[in-house]
Engineer: 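The structure is given below, and queries will be raised subsequently.
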Amino acid sequence: MKNIFEKYNNNKQERPFTVDLKSVDQWFKSGEIVKHEGLTLQVIAIGKKKSKYGDSGFIVGTPLGGKTIGINVPKWYIPTIESMLNDIEVVGAIMAGGVFVKLGKRTSPKNGNEYPTFEWDEMPLPY
């Protein structure tokens, strides 16, 4: 029988992924994400880092056959990144190379502003 608390016994680390953020080929600021609508990345790391403006969330991935791309996510998306980091199944799937994120956008009906969206998916096993 599986222990229901197993996913919480993962000795949480600040960064479970070994990606050197300084070696990422290209970074997108959160305000630039909507310009890249439709871009799909195979995710190799997610996380949170400290910056001079406070906490910053990020996603690092590669388009099929491409260079590494880093995305600084909007501040409102940081709780989602934190939740994913605390889920051992999500971290394991990313480490195994089976997670994709598709960048999108939505338009606010109130003010007409465009905001980024993130559509997560995983490859069918085995990956």
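All figures in this text were calculated on a predicted structure; none of them were measured in a lab. Count residues from 1 along the sequence.
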Engineer: Over all heavy atoms of both residues, which pair between F58 and I81 is shortest? Give the atoms and the distance, please.
Structural biologist: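 What the structure gives for the nearest pair is O-CD1, 4.1 Å.
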Engineer: Measure across Y115 and S108 and return the closest heavy-atom pair with its distance rounded to 0.1 Å.
Structural biologist: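 Taking every non-hydrogen atom into account, CE1-CB, 3.7 Å.
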Engineer: Are there over 12 heavy-atom neighbours, none belonging to K75, within less than 6.0 Å of that residue's NZ?
Structural biologist: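 Counting neighbours around NZ of K75, more than 12 heavy atoms of other residues, nucleotides or ligands fall under 6.0 Å, so yes.
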Engineer: Judged by modelled atom types alone, do D25 and T68 share a side-chain donor-acceptor pair under 3.5 Å?
Structural biologist: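 Note: D25 and T68 side chains meet the donor-acceptor criterion.
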Engineer: Side-chain heavy atoms under 4.5 angstrom apart, residues restricted to Ile, Leu, Val, Met, Phe, Trp, Tyr: same cluster for V90 and I78?
Structural biologist: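 Not linked; separate clusters.
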Engineer: Say you draw a straight line from NZ of K102 to CG of L39; how long is it, rounded to the nearest 0.5 Å?
Structural biologist: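 One gets 10.0 Å once the value is rounded to the nearest 0.5 Å.
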Engineer: Can you measure from CD1 (I94) to CG (L85) and round to the nearest 0.5 angstrom?
Structural biologist: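 Those atoms lie 7.5 Å apart.
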Engineer: Any idea how Y77 and W120 line up, ring-wise: parallel (<30°), tilted (30 to 60°), or perpendicular (>60°)?
Structural biologist: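 If you compare the ring of Y77 with that of W120, the planes turn out parallel.
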Engineer: List the atom of S30, the atom of P74, and the distance in Å for their closest heavy-atom pair.
Structural biologist: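 The pair with the smallest heavy-atom distance is CB-N, 3.6 Å.
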Engineer: Test side-chain contact (heavy atoms from CB on, under 4.5 Å) on F118 and T80 and set out the steps.
Structural biologist: CA-CA 11 Å; F118 305 91; T80 301; over 6 Å; no
Engineer: Is there side-chain contact between L41 and F100, with heavy atoms separated by less than 4.5 Å?
Structural biologist: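 Not touching, per the 4.5 Å side-chain cut-off.
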Engineer: Among I69, I33, V43, whose side chain to side chain contact (heavy atoms under 4.5 Å, CB included) with I59 holds?
Structural biologist: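 The residue from I69, I33, V43 that satisfies side chain to side chain contact (heavy atoms under 4.5 Å, CB included) with I59 turns out to be V43.
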Engineer: Are any side-chain N or O atoms of T117 and backbone N or O atoms of K105, one a donor and one an acceptor, separated by less than 3.5 Å?
Structural biologist: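 Side chain of T117 to backbone of K105, a donor-acceptor pair under 3.5 Å: yes, one is there.
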Engineer: Within a strict 4.5 Å, meaning less than it, do heavy atoms of the F17 and V91 side chains meet?
Structural biologist: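 Yes. Closest side-chain heavy atoms under 4.5 Å.
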Engineer: So, taking the atom named CD in E82 and the one named NZ in K48, what distance separates them when rounded to the nearest 0.5 Å?
Structural biologist: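 With rounding to 0.5 Å, CD (E82) is 3.5 Å from NZ (K48).
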Engineer: So, are D55 and K49 salt-bridged, with charged N and O less than 4.0 Å apart?
Structural biologist: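 No salt bridge links D55 with K49.
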Engineer: Between D121 and T40, is a side-chain contact (heavy atoms from CB on, under 4.5 Å) present by the stated rule, with each step listed?
Structural biologist: CA-CA 10 Å; D121 202 3; T40 300; over 6 Å; no
Engineer: When the ring planes of H36 and F28 are compared, do they come out parallel, tilted or perpendicular, using 30° and 60° as the limits?
Structural biologist: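 Because their plane-to-plane angle is under 30°, the rings of H36 and F28 count as parallel.
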